[in-house]
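Sequence lines set the chain letters: A, B, ... in the order given, protein chains first and strands last, and positions in each chain run from 1.
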Amino acid sequence: MEITRFAPSPTGHLHIGGGRTALFSYLFAKANKGKFLLRFEDTDQDRSKGEYVDSILNSLHWMQIKLDSEPVYQSKKIVKHKELAIELYKKGFAYACDCSEETLTKMREQQVAKKLKPKYNGLNRNKNIEFAEGMVLRFKFPLEGESKFKDLILGDIAINNKEFDDFIILRSDGSPTYNFSAAVDDMDMKITTVIRGDDHITNTLKQINVLEALGATIPRYAHLPMVLAESGKRLSKRDGAEDILDYKKKGYLSDALINYLVRLGWSYGEEEIFSLEKLQKIFDLSDVNSSPSKYSQDLLNWYNNKYLNFLSAEELVIKVKENSGVDFREIDNGNLAISLLAKGANSLNQIAEDSIYFFEEPQIKFDALNVDANKKILFSEFCKQLKKIDFEKNSIEKYIKEFLQANNLKFPELGKPLRVILTGRENAPSISELLFILGKETSLKRIEYTLDD
RNA sequence: GUCCCCUUCGUCUAGCGGUUAGGACACCGGGUUUUCAUCUCGGCAACAGGGGUUCGAUCCCCCUAGGGGACGCCA
């Protein structure tokens, strides 16, 4: 059975890139009827925070990503990992090193000056220093040959072992380092496929060597190409990509975000719309693109608009209320109003923002209309006749049409000012729809307010 | 600097040796009872460059260029 995992470090909120990684990992597990696990890599005592653990959990929950067992906290396994590191040392896969920070810094500076890749030069590798508290343990990385693996997305990847150094697996304070702990935990959790960003490729090679020293089976690996900001640079808030929960706050639907995110790198023929349910059946790593992609706010908005319109009026009412407090149940024809607004909206928030004129009188005076004063009589006439008609959609449309003809007017001459009178703004849904939803009484009230001196 | 990954319309992508290189977003234009709305129809627009391999390269190989990433007692 496939077992995947998402392994964030709780040093910040779940970012859109991390969300995508989690999603891909989750979908791969589900499509293979496997399990998806979560592991917090919280061994950095200074930077890891409980609030971020909660925030990440909330983000995953909102994204409808369910865990198949309780999250694993790496910090709780520090002692065990330390023991294992010492075991590797005893078996000769690691050695003790007492180089000071100054020594290491100087070493690096010299290497950089010589335009070499900065790395530990193996000074203590063959000194057989006996390990004592306060020393670090370094992994004896193979000196010759190359390390390689077959990536599920990128294909064969091989790097000469000379490119690696004897990285530290146990710090001088006795705590294990990332590359060691991650490898051990993947082994312990029986992870079959590791899915993560391609910035981990070199880590993968290190971890594979650790796993081999440990005598563990090597999982398969899939490295996802990065998501870049719209600018093409590394993703950052500045470029519009934010934390997952910010999208929730701004009124994005998780289904829309999921659909958008999954299409960042993954595709399925020419289909664009996928339900989570379907993704859980058809997702496959072989359909993941090997090149990096850029975040696109436009595309996300398009998806959100789509999903907004997949919802029923009742569902929209509930979601808008939850999200911004605006309650369409308070107004007449609330369901019609919210559906109308959803047609052109990119978010729940936008629906709420655009809805003001359904809740409050725009109170537009004729002078503010920027229309010839002599047109006023025309509006009076329009208003007078409007009173008499049956307030049904068809009859409203018919009446407007006839009124325009009778007075030899073009639609904008009546429509533009009328839209402002009715809504207080120039961009709003169609006039007849508005009149109908607002109702005869309210519509007339607004027009009369405008005409009244 | 060294090493690794990547390169099809502006963007997300389809393509897996022979296609008028397809779709979607964005954009532009037309239509709709003439909104910077909706809906609808249509249009613009790409194989980074150079070498090979091959009867034939978007597709396979190499080089160059460009972009991204990794080089911590962070994860």
- prompt: Taking a pair as Watson-Crick or G-U wobble with both distances under 3.5 Å, which nucleotide is matched to B:rG1?
  reply: B:rC71

- request: Using the P atom as the reference point in each nucleotide, state the distance between B:rU8 and B:rG15 in Å, no decimals.
  value: 14 Å

Base B:rA70 to side chain A:Asn203, donor-acceptor N/O within 3.5 Å cut-off: no

field: Nearest-nucleotide 5' precedence on RNA chain B, A:Lys115 against A:Arg108
entry: A:Lys115

message: If I take atom OH in residue A:Tyr303 and atom C1' in nucleotide B:rU11, what distance separates them, rounded to the nearest angstrom?
response: 12 Å

message: I'd like to know if A:Glu397 reaches the base of B:rU33 with its side chain such that a donor and an acceptor end up less than 3.5 angstrom apart.
response: yes

- prompt: Taking the six-membered ring for Trp, are A:Phe283 and A:Phe24 ring centroids under 6.0 Å apart?
  reply: yes

- request: Any strand is fair game: report the nucleotide pairing with B:rU34 by Watson-Crick or G-U wobble, both distances under 3.5 Å, or none.
  value: none

task: Quickly work out the A:Asp287 CG to B:rC16 C1' distance and round it to whole Å.
output: 12 Å

field: Electrostatic pair A:Arg39-A:Asp186, nearest N-O below 4.0 angstrom
entry: yes

task: Assign A:Lys233 to base, sugar-phosphate, or nothing according to its heavy-atom contacts below 4.0 angstrom with the strands shown.
output: sugar-phosphate

task: Just name whichever nucleotide pairs with B:rU7, Watson-Crick or G-U, keeping both distances under 3.5 Å, else none.
output: B:rA65

query: CG of A:Leu299 versus C1' of B:rG23: gap in Å, rounded?
result: 12 Å

- prompt: Starting at CG of A:Asn309 and ending at P of B:rC39, how long is that distance when rounded to a whole Å?
  reply: 8 Å

- prompt: Can you find an N or O donor on one side and an acceptor on the other, under 3.5 Å apart, linking the side chain of A:Thr202 with the base of B:rC71?
  reply: no

- prompt: In the strands shown, is B:rG42 matched to any nucleotide by a Watson-Crick or G-U wobble pair with both distances under 3.5 Å, and which?
  reply: B:rC28

query: Expressed in angstrom and rounded to an integer, what is the separation of A:His13 atom NE2 from B:rA75 atom P?
result: 20 Å

- request: List in chain and number order the residues that pass ring pair (Phe, Tyr, Trp, His ring centres under 6.0 Å) with A:Tyr52, two or more places apart in sequence or in another chain; answer none if no residue qualifies.
  value: A:His13

- request: Please determine, by modelled atom types, if A:Asp44 and A:Tyr178 share a side-chain donor-acceptor pair under 3.5 angstrom.
  value: no

query: Where each residue is assigned the nucleotide of RNA chain B containing its nearest heavy atom, which of A:Gly344 and A:Cys97 is assigned the position nearer the 5′ end?
result: A:Gly344

task: Go through A:Phe382 and A:Tyr399 one step at a time and tell me if the ring-ring contact (aromatic ring centres under 6.0 Å, His included) criterion holds.
output: CA-CA 9 Å; A:Phe382 178 80; A:Tyr399 165 60; 5.2 Å; yes

- line: Applying the 3.5 Å cut-off to both distances, the Watson-Crick or G-U partner of B:rA57 turns out to be none

- prompt: Separation of A:Phe274 atom CZ from B:rU13 atom P, in whole Å?
  reply: 12 Å

query: Whole Å only: how far is the CG atom of A:Asp198 from the P atom of B:rA75?
result: 20 Å

- request: Specify the separation, in whole Å, of atom CD1 of A:Ile400 and atom P of B:rU34.
  value: 9 Å

- prompt: Can you tell me if CG on A:Asn408 sees more than 12 non-hydrogen neighbours from other groups inside 6.0 Å?
  reply: no

- request: Looking at every strand, decide which applies to A:Pro292 at a 4.0 Å heavy-atom threshold: base, sugar-phosphate, or nothing.
  value: sugar-phosphate

